[in-house]
Amino acid sequence: MITDPTLVRIGEAVQLGHGGGREAARLAFARIWAEIGGERGDPLHRCTLAHAMADVQDDVRQELLWDQRALAAAGLLTDARVAQAGVPLPVAALYPSLHLNLSECHRKLGDLDRAREHLRQAQATIGALGDDEYGQLIRQGLERIAARLR
């Protein structure tokens with residue numbers, strides 16, 4: 001169970017985006033981003049927020065920028081910090097989704113070499129996920145993008 005109040009707020013903004021309120025979600029994410037100190041903030045908050053902010057972008061270049069921020073922040077995370085926040089996954093379990101999203105951005109931008117590289121990285125890290133609903137969702141996403149990159 002997530003216990004970190006900032007992650008809870010990010011989750012609430014995610015729900016806004018899922019409910020069709022993409023602009024409201026972007027505004028909420030922007031407020032939280034400023035409050036956490038942006039690029040100087042806690043890597044867990046930065047990674048989570050950037051990963052979610054990417055999903056509500058209308059411009060693929062902005063989506064890519066936020067996905068890159070999420071990946072950079074993930075590189076600074078520890079399993080201890082993630083567990084302290086109540087996140088039930090190890091850091092390694094974040095990478096398949098992060099690379100999947102980066103692969104899709106590069107594909108949309110026509111950079112198929114980078115798209116394939118991120119697809120390979122996602123595939124190489126997929127073992128960190130369980131066979132639960134989330135793991136299946138990411139595996140299906142990898143299958144879809146692999147088919148698009150053939």
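Note that the numbering runs from 1 along the sequence shown for the chain. As the structure is a prediction and not an experimental result, all values here were calculated from the model.
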Exercise for the section: Can you run down the side chain to side chain donor-acceptor pair (under 3.5 Å) pairs that involve residues 5-19, sequence neighbours left out, and say none if there aren't any? Expected result: R9-E35
Exercise for the section: With sequence neighbours excluded, give me every side chain to side chain donor-acceptor pair (under 3.5 Å) pair touching residues 66-79. Expected result: E39-R69
Are [X] and [Y] connected in the hydrophobic side-chain network, where two residues link if heavy atoms are under 4.5 Å apart?
{"X": "L89", "Y": "L98", "value": "yes"}
{"X": "M53", "Y": "L16", "value": "no"}
{"X": "Y134", "Y": "I145", "value": "yes"}
{"X": "I2", "Y": "V91", "value": "yes"}
{"X": "L119", "Y": "L112", "value": "yes"}

Problem - Residues which pass salt bridge (Lys or Arg N to Asp or Glu O under 4.0 Å) with D58, listed by chain and number, not counting sequence neighbours - result: R22, R26
Handout entry: R148: salt bridge (Lys or Arg N to Asp or Glu O under 4.0 Å) partners, not counting sequence neighbours
Key =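 Per chain and number, R148 pairs via salt bridge (Lys or Arg N to Asp or Glu O under 4.0 Å) with E104.
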Which pair of heavy atoms, one from [X] and one from [Y], lies closest together, and at what distance?
{"X": "A74", "Y": "C47", "answer": "CB-SG, 3.9 Å"}
{"X": "L64", "Y": "L109", "answer": "CD2-CD1, 3.7 Å"}
{"X": "A122", "Y": "P96", "answer": "CB-O, 3.6 Å"}
{"X": "T3", "Y": "G86", "answer": "OG1-N, 3.8 Å"}
{"X": "F29", "Y": "I10", "answer": "CE2-O, 3.7 Å"}
{"X": "A70", "Y": "A50", "answer": "N-CB, 3.6 Å"}

Rounded at 0.5 Å granularity, tell me how far [atom1] in [X] sits from [atom2] in [Y].
{"X": "Q121", "Y": "H99", "atom1": "CD", "atom2": "NE2", "value": "4.0 Å"}
{"X": "D132", "Y": "I138", "atom1": "CG", "atom2": "CD1", "value": "10.0 Å"}
{"X": "L27", "Y": "I32", "atom1": "CG", "atom2": "CD1", "value": "11.0 Å"}
{"X": "L137", "Y": "L129", "atom1": "CG", "atom2": "CG", "value": "10.0 Å"}
{"X": "E143", "Y": "Q123", "atom1": "CD", "atom2": "CD", "value": "9.5 Å"}

Practice task
State which residues pass ring-ring contact (aromatic ring centres under 6.0 Å, His included) with H106; sequence neighbours excluded, sorted by chain then number.
Solution key: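 So H106 forms a ring-ring contact (aromatic ring centres under 6.0 Å, His included) with H118.
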Exercise for the section: Could you walk me through whether R46 and L76 pass the side chain to side chain contact (heavy atoms under 4.5 Å, CB included) test, one step at a time? Expected result: CA-CA 10 Å; R46 290 179 10 226; L76 302 172; 3.6 Å; yes
Problem - Contact list for residues 114-131, test salt bridge (charged side-chain N to carboxylate O under 4.0 Å, His left out), sequence neighbours left out - result: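 Found D111-R114, E117-R120.
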Exercise for the section: Say whether Q136 and R139, considering side chains only, have a donor N or O and an acceptor N or O under 3.5 Å apart. Expected result: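 The criterion, which ignores hydrogens and geometry beyond distance, is not satisfied for R139 and Q136.
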Exercise for the section: Verify the distance criterion only: is there a donor paired with an acceptor across the side chains of S97 and H51 at less than 3.5 Å? Expected result: yes
Practice task
Measure from the side-chain N and O atoms of T48 to the backbone N and O of L44, and report whether any donor-acceptor pair falls under 3.5 Å.
Solution key: yes
